[in-house]
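Each remark here refers to the structure printed beneath this line.
Convention: sequence-line order gives letters A, B, ...; per-chain numbering from 1. Worth saying up front: this structure is predicted, and the values here are computed from it rather than measured.
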Amino acid sequence: MKKRELESIIQNILDRLTEEGRINGPARVMLERPPREELGDFSTNVAMLLSRSEQRPPRQIAELIVPSIDALECVARSTVEGPGFINIHLKKECWYEVLKEILEKKHSYGDCPHVGEGKKVQVEFVSANPTGPLHIGHGRGAAVGDALSNILKAAGYDVTREYYINDVGRQMTILGHSLYIRYLELLGKDVTLPGDHYQGDYIRHIAEEFLKRYGREHAQTPFDECRELFIEFAKDSILSGIKKDLEDFGVRFDHWFSEKTLFERNLVEATIEELKGRGVVYEKDGALWFRTTMFGDDKDRVLIKNDGSTTYFASDVAYHHEKLRRGFHTIVDVWGADHHGYAPRMRALLSALGEDPERLRIILIQLVSLKRGGKPVAMSTRKAEFVTLREVMDEVGRDAARFIFLTRKADAHLEFDLELAKSQAPENPVYYVQYCHARIMSILEFARERGITVPDTPSVELLGRLELKEELDLIKHLSRLDEVVETAATSLEPHRVTFYLRELAALFHPYYNTHRVVSEDKTLSSARLILCRATAEVVRKGLGLLGVDAPSRM
RNA sequence: GCGCCUGUAGCUCAAUGGAUAGAGCAACUGCCUUCUAAGCAGUGGGCUGGGGGUUCGAGUCCCUCCAGGCGCGCCA
């Protein structure tokens, strides 16, 4: 029995009672889980919600509803408790169908296509400037954005993953010039890298590549005559490094959107014209302003500076206009938390264009504080002392890194301890869940060797052998996967899946420890193997949503 | 000064406005001749930063104060 299913059954009961005039209704039935298991499998507060309009105490209303619920096929009993909760205990036979469903649907179990209904959603994440390698903070953004994309897809959305490349502007010039200086340095010239340039060693490495490709060809060329060459070379080199890092991290984007193309296609200009047409821009002090204060922003924002160049914000405006034009129902932007101040002006843009600002959903990724054996690791982007995603991946492994990034809400600070993440000790959370899967695979292998079969379409009699409380608890938890996917998708909170998986593993491990799956009792073994298979299926599915492998052996 | 975020067990964090607020780690005590001990069983741990309000009901919503973080450029 699935929550959603029972919900609609009980909704029908209330609609009928309303029709019959026994209550004034209408009421929306929402099922929830009681805090303690003695209180039943599900509960509803509908009587309490009706109390006001009915002018009666909630318990009285509840008593009126309960008989109809009690009469349902799958209900063992339902009771009124506390201030007016209706608690529902289901018959255990109703839970077995969950196992059948899992074995039938396999990898698609847990999907809930009715949530997204195929609506187009774009998730833009990472979008780090192509001026240096990805650091650990980008890694968190990548893990969150990618897992969220997986979850949205499972929830029935048509998802596009996009990376926005800031490949124009002053910092690109500085990047190119940094490479130029390092190149001259390699040629033995007496040059120094200005303080506002990129200091990292990676520029030196790029300079070596440049030297290999072009030799001494540009030893005498003034920067102004070869800037594009240096900029492009540095950018391409860094970008391909970023792509490689992300690929190794298990993240693949559908689109790499270049800011430069916005200008090439005149989209920045066109968007500004559109805003002009809507009467939300004005000139002041020689600059062109977007009146974002009309839509809840603190102050108006400049689009075109008094020197005639456009601002970074102007590009963003054009980019988001373009996102809307591409027909995305919802646009998800994953930003570093330090950019939170940009939210009001971006929402203002949607409002100004006559769109519902709710179509833009912003996820803020809080800082990762890196530790090593409990001691903080200093990070400063300026000095290029930061720890790169590559280093973290190499040291702790992809799975551990991704899983740990997803153990917290995105907007909560995350403490990432390198020692802990790479340790193969119990305190490492990723192994707890993966081990559950590996363990089950091993049990299935063991059973196979003994010739014990696991039917694909088990009979109810066979499943009826699963009578232990631990077994029913496991099944009930397995039944919740689609609820978790739905909530994670609508709230844009992938960490919910992580918590769900930990709970699932926490039900399986003790079960394994106290009861033998494979025993002399052939039918019982068979039934338990089905439960194991279903559990493994759900673990694999859940880890897959997080982008983490489910190993068969550990 | 203004705005946003955070404040929950010793530490790191959970908890669609629901009932007696939960995990993990750390601490302590046990369990491998068995389908994987990367596991399990047990023990302690709390005025959810303070105060007010909204309502049947608040960790959750509103106001206020306190503490911490971040943001407040014709920078990118």
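- Counting any heavy atom pair closer than 4.0 Å across all strands shown, A/Ala412 reaches sugar-phosphate atoms only and no base atom.
- Near RNA chain B, meaning a heavy atom under 4.0 Å away, the residues from residues 502-518 of chain A are A/His509, A/Pro510, A/Tyr512, A/Asn513, A/His515, A/Arg516, A/Val517, A/Val518.
- Counted by atom type alone, A/Thr523 and A/Arg465 present one or more donor-acceptor pairs between their side chains at under 3.5 Å.
- A cation-pi arrangement is present between A/Arg502 and A/Phe499 under the rule of less than 6.0 angstrom and at most 45 degrees off the ring axis.
- Here A/Ser552 lies in heavy-atom contact (under 4.0 Å) with a base.
- Of the N and O atoms on the side chains of A/Asp333 and A/His339, not one donor lies less than 3.5 Å from an acceptor on the other residue.
- Residue-to-nucleotide proximity on RNA chain B shows that, of A/Asn129 and A/Pro551, the 5′-proximal contact is made by A/Pro551.
- We find that CG of A/Leu414 is positioned 17 Å from P of B/rC25, with the value rounded to whole Å.
- Separating the C1' atom of B/rA15 from that of B/rA23 is a span of 10 Å, rounded to the nearest Å.
- Comparing B/rG39, B/rG18, B/rG73 by their closest approach to the side chain of A/Phe85 singles out B/rG18.
- Of the C1' atoms belonging to B/rG45 and B/rU8, the separation is 14 Å, rounded to the nearest Å.
- Within the nucleic acid shown, A/Val433 has no heavy atom closer than 4.0 Å to any nucleic acid atom.
- Nucleotide B/rG24 holds its C1' atom 11 Å from the CZ atom of A/Phe403, rounded to whole Å.
- Checked by atom type, the side-chain pair A/Gln171/A/Tyr312 shows no donor-acceptor distance below 3.5 Å.
- Here the nucleotide nearest the side chain of A/Lys299, chosen from B/rC56, B/rC74, B/rG73, is B/rG73.
- Residue contacts shown for A/Asp316 are absent, as no nucleic acid heavy atom lies under 4.0 Å away.
- Syn is the glycosidic conformation of B/rC32, whose angle stays within 90° of 0.
- In this structure, the NE2 atom of A/His495 is 12 Å from the C1' atom of B/rU16, given to the nearest Å.
- Atom P of B/rC28 sits at a distance of 28 Å from the matching atom of B/rU34, rounded to the whole Å.
- The side chain of A/Ser43 has B/rA19 as its nearest neighbour among B/rA38, B/rA19, B/rC70.
- Taking atom CZ of residue A/Arg301 and atom C1' of nucleotide B/rC72, one finds them 8 Å apart after rounding to whole Å.
- Comparing atom distances between the A/Lys409 side chain and each of B/rA14, B/rU16, B/rC74 picks out B/rA14 as nearest.
- You'll find that the side chain of A/Pro34 is closest to B/rA19, out of B/rC74, B/rU12, B/rA19.
- Annotation: side chain of A/Arg439 is in contact with side chain of A/His509 (closest heavy-atom distance under 4.5 Å).
- Taking every side-chain heavy atom of A/Tyr435 into account, B/rG39 is the closest of B/rC74, B/rG39, B/rA15.
- Base contact: A/Asn45 has a heavy atom under 4.0 Å from a base atom.
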Applying side chain to side chain contact (heavy atoms under 4.5 Å, CB included), run through A/Arg4 and A/Glu483 and close with a yes or a no.
CA-CA 8 Å; A/Arg4 180 173 280 270; A/Glu483 293 168 42; over 6 Å; no
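- Straight-line distance from the CD atom of A/Glu81 to the P atom of B/rA19: 14 Å, rounded to whole Å.
- Put simply, CG on A/Asp297 is 12 Å from C1' on B/rC4, counting in whole angstrom units.
- Comparing the P positions of B/rU54 and B/rU16 gives an interatomic distance of 25 Å, to the nearest angstrom.
- Here the separation of B/rA9 from B/rA27, taken at their C1' atoms, is 13 Å to the nearest Å.
- Residue contacts for A/Met30: at a heavy-atom cut-off of 4.0 Å it reaches a base atom on one of the strands shown.
- The listed nucleotides are B/rA19, B/rG73, B/rC75; the one nearest the side chain of A/Lys305 is B/rC75.
- B/rC65 and B/rC25: their P atoms are spaced 41 Å apart (whole Å).
- When A/Ile10, A/Leu39, A/Asp41 are each tested for a side-chain contact (heavy atoms from CB on, under 4.5 Å) with A/Ile88, only one passes: A/Ile10.
- Heavy atoms of A/Asp285 sit under 4.0 angstrom from at least one base atom.
- Comparing the same atom, P, in B/rA38 and in B/rU43 gives a spacing of 24 Å after rounding to whole Å.
- One can place CG of A/Asp298 at 11 Å from P of B/rC72, the figure rounded to the nearest angstrom.
- Residue contacts for A/Lys284: at a heavy-atom cut-off of 4.0 Å it reaches a base atom on one of the strands shown.
- At B/rA23, none of the side-chain N or O atoms of A/Tyr500 fall inside 4.0 Å of OP1 or OP2 (strictly under the cut-off).
- At B/rU16, one or more side-chain N or O atoms of A/Arg496 fall inside 4.0 Å of OP1 or OP2 (strictly under the cut-off).
- Using a 3.5 Å distance cut-off with no hydrogens or angles, the side chains of A/Arg528 and A/His515 do not pair a donor with an acceptor.
- Nucleotides B/rU20 and B/rG59 have their P atoms positioned 11 Å apart, rounded to a whole Å.
- Of the candidate nucleotides B/rC13, B/rC70, B/rA19, B/rC70 has the atom lying nearest to any side-chain atom of A/Asp338.
- A residue-by-residue look at A/Leu49 and A/Phe446 shows that A/Leu49 has its nearest nucleotide of RNA chain B further toward the 5' end.
- Counting non-hydrogen atoms under 4.0 angstrom, A/Arg450 reaches nothing in the nucleic acid.
- You'll find that the side chain of A/Arg439 is closest to B/rG39, out of B/rA19, B/rG39, B/rC74.
- In summary, the side chains of A/Ser8 and A/Glu5 do not present any donor paired with an acceptor at a separation below 3.5 Å, with no hydrogens or angles considered.
- Judged purely by distance below 3.5 Å, without hydrogens or angles, the side chains of A/Tyr511 and A/Asp473 never pair a donor atom with an acceptor atom.
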What do the steps show when you test A/Thr44 against A/Glu32 for side chain to side chain contact (heavy atoms under 4.5 Å, CB included), and what is the final call?
CA-CA 6 Å; A/Thr44 176; A/Glu32 30 188 66; 6.0 Å; no
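- Residue A/Glu415 contributes atom CD, which lies 11 Å from atom C1' of B/rC25 at whole-angstrom precision.
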Could you write out RNA chain B as a dot-bracket string, with dots for unpaired bases, | for bases paired across to another strand, and Watson-Crick or G-U pairs counted at under 3.5 Å?
(((((((..((((....[...)))).(((((.......))))).....(((((..]....))))))))))))....
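- Closest to the side chain of A/His340, out of B/rA38, B/rC13, B/rG3, is B/rG3.
- The aromatic ring centres of A/Phe257 and A/Tyr163 sit 6.0 Å or more apart.
- A/Glu520 CD: 12 or fewer foreign heavy atoms inside a 6.0 Å radius.
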